[in-house]
Protein chains: 2
Amino acid sequence: MNILIADDEIEMLKILQSYFQREGFTVFIATNGEEALAIFYQEQIDLAILDWMMPKIDGIMVCREMKKTQKIKVLMLTARDADEDEFQALSDGADDYVNKPFYPKVLIMRVKKLLQIESIQHISDVSFDIVSKRVWRAGTEIELTKTEFELLRVFSQHRRQILTRDQLLDSVWGLDYIGDPRTVDTHIRRLREKIGEDIIQTHRGIGYSTSV
Amino acid sequence: MNILIADDEIEMLKILQSYFQREGFTVFIATNGEEALAIFYQEQIDLAILDWMMPKIDGIMVCREMKKTQKIKVLMLTARDADEDEFQALSDGADDYVNKPFYPKVLIMRVKKLLQIESIQHISDVSFDIVSKRVWRAGTEIELTKTEFELLRVFSQHRRQILTRDQLLDSVWGLDYIGDPRTVDTHIRRLREKIGEDIIQTHRGIGYSTSV
DNA sequence: ATGTTTTGTCAAATTACTGTAACATTACTG
DNA sequence: CAGTAATGTTACAGTAATTTGACAAAACAT
């Protein structure tokens, strides 16, 4: 999981970075809003921790910009006495906020909580955990192969969107993969067999989609 | 989805083209405003990315012209320091703008966002999503075949305009298609059966149109 | 190395879609 | 109001796309 921390106090940054790294996160840091956005655009960030007060572009603006372009979790750091701002921060799309000063442990817990929401996904009666890569159907665990899991993941990430065979090849097999697009059919079939026939819909001449 | 990119820097065009093609868009490119308009009139463009500064006809003019005649999304590319122009660009009908220089990824995300907003169209009690290719009638989803969907799309794009069978053959079946124009009738029939009889009107001796 | 699982490809079987033609119906014309 | 022209409707055969099953190669684990 990639997280981005933006704060103008270098000391704070360093401390948080080492804390989060110890927890297995990949950490990017920025000392102002502009830098934060630059990193955000270049990397695949799952969650951003943004300080409210930052030089150049402040936390709200950065948050707004991030939310505008991509699915990302944002956790705001606010000054202790900023009560009405809290509401604003949330209403502007921040997913959670933590008052300064805070215990790093608390922050880590909050972050984990936010990311956990994302880690288990549900499609109809099928659930799967992106982190542990386990899959359940109607409560009982089932086994998917690597490709089947990836397929399911991609479908889940684009619910109800029709994905062409080529799109699926690109995102599951990789952009550089060269092979028969019909291979996708076979894997869809195998996946359907395991998770149920109704979850993945065929759209003749176009591709496949989830039905929910 | 067809998008048109207009910019006077060929290098930039090529790069953007390949980026967008990889995302599944059909990309048309133009190196000046005149060319952009020519393509716009010939093709069915869903979104145009226009550079602010272009030879012959500039981005604003092109945007104004496009918005005048057809439903299309416009995204402007502006120079970094052009602040007051930003407002102008928006007030003149551009749907979004991105400052140069930018990350291709940002542009792609913005484009996708723009198209998503407009991607759902409504004709009477029928709604359809151009991106996900799903169709609803009075709220419940219905299934259209590829040709039926294309027909609906063309009608929706030319509301209340009478389209001859030949025009429909051209835009749905392709310019090079050779076949009985009465084939259109059959498909209209099938489409009417699914979306309701009243949406497509017959104009004896001329063709068909939407009633709304 | 050996057995097992996974994977990609192919081809037959199946299914859905399409275009045409033939007939029915409707609207227009004089 | 009959005749004509255009459109509506239906059925069907041909076609196109997908599903399915089988197989061999590759990857993996033991």
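Protein chains get the first letters and strands the later ones, always in sequence-line order, with residue 1 at the start of each.
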Is it true that [X] and [Y] make a salt bridge, defined as a side-chain N closer than 4.0 Å to a carboxylate O?
X      : Y      : answer
A:D129 : A:R134 : no
A:K112 : A:E23  : yes
A:E141 : A:K194 : no
B:D185 : B:R165 : yes
A:R189 : A:E193 : yes
B:K67  : B:D95  : yes

Rounded to whole angstrom units, what separation is found between the [atom1] atom of [X] and the [atom2] atom of [N]?
X      : N      : atom1 : atom2 : value
B:E143 : D:dT18 : CD    : P     : 14 Å
B:L144 : C:dT18 : CG    : C1'   : 15 Å
B:H187 : D:dT9  : NE2   : C1'   : 14 Å
A:I178 : C:dG8  : CD1   : C1'   : 14 Å
A:L191 : C:dT7  : CG    : P     : 11 Å
A:K146 : D:dA29 : NZ    : C1'   : 14 Å
A:I188 : D:dA17 : CD1   : C1'   : 14 Å
B:R192 : C:dT25 : CZ    : C1'   : 14 Å

Under 4.0 Å between a side-chain N or O of [X] and OP1 or OP2 of [N]?
X      : N      : answer
B:R182 : C:dA21 : no
B:W173 : C:dG19 : yes
A:T145 : C:dT7  : yes

Item to complete: List the atom of A:I195, the atom of A:R137, and the distance in Å for their closest heavy-atom pair.
Response: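 Shortest heavy-atom separation between A:I195 and A:R137 comes out as O-NE, 3.6 Å.
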Practice prompt. Quick one: closest heavy-atom pair of A:A30 and A:L13, and the distance?
Written response: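 Closest pair (atom of A:A30, atom of A:L13, distance): O-CD1, 3.4 Å.
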Practice prompt. Indicate whether any N or O donor in one side chain lies under 3.5 Å from an N or O acceptor in the other, for B:E35 and B:T31.
Written response: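 There is such a pair between these side chains.
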Worksheet item: Under 4.0 angstrom, heavy atoms only, what part of the nucleic acid is A:T147 near: base, sugar-phosphate, or nothing?
Response: sugar-phosphate
Discussion item. Go nucleotide by nucleotide along DNA chain C from the 5' end; which of A:K194 and A:V184 gets its closest nucleotide reached first?
Written reply: A:K194
Worksheet, complete the sentence: Of the listed D:dG8, C:dC10, C:dT7, the closest approach to the B:R189 side chain comes from D:dG8
Worksheet item: Which nucleotide in the set D:dT10, D:dC23, D:dT19 lies at the smallest distance from any side-chain heavy atom of A:R190?
Response: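 Closest of the options to the side chain of A:R190: D:dC23.
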Worksheet item: Just by distance, do the side chain of B:E65 and the backbone of B:V62 share a donor-acceptor pair under 3.5 Å?
Response: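 No, because the side chain of B:E65 does not come within donor-acceptor range (under 3.5 Å) of the backbone of B:V62.
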Discussion item. For the CG atom of A:L168 and the CD1 atom of A:I188, what is their distance to the nearest 0.5 Å?
Written reply: 6.0 Å
Worksheet item: Toward the 5' end of DNA chain D, which comes first, B:D185 or B:E193, by nearest nucleotide?
Response: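 So the residue in question is B:D185.
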Worksheet item: Which of residues 164-171 of chain B have a heavy atom under 4.0 Å from DNA chain D?
Response: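 Of all residues in residues 164-171 of chain B, the ones placing a heavy atom under 4.0 Å from DNA chain D are B:R165.
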Worksheet item: For residues 195-212 of chain B, which residues have at least one heavy atom under 4.0 Å from DNA chain C?
Response: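 The stretch gives B:R204 as the residues lying under 4.0 Å from the strand, ordered by number.
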Worksheet item: So how far off straight is the helix from C:dA1-D:dT30 to C:dG30-D:dC1, going by the axes through five pairs at either end, to 10°?
Response: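 Computed angle between terminal axes is 30°.
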Practice prompt. Taking the six-membered ring for Trp and the single ring otherwise, decide whether the centroids of B:H122 and B:W136 are under 6.0 Å apart.
Written response: no
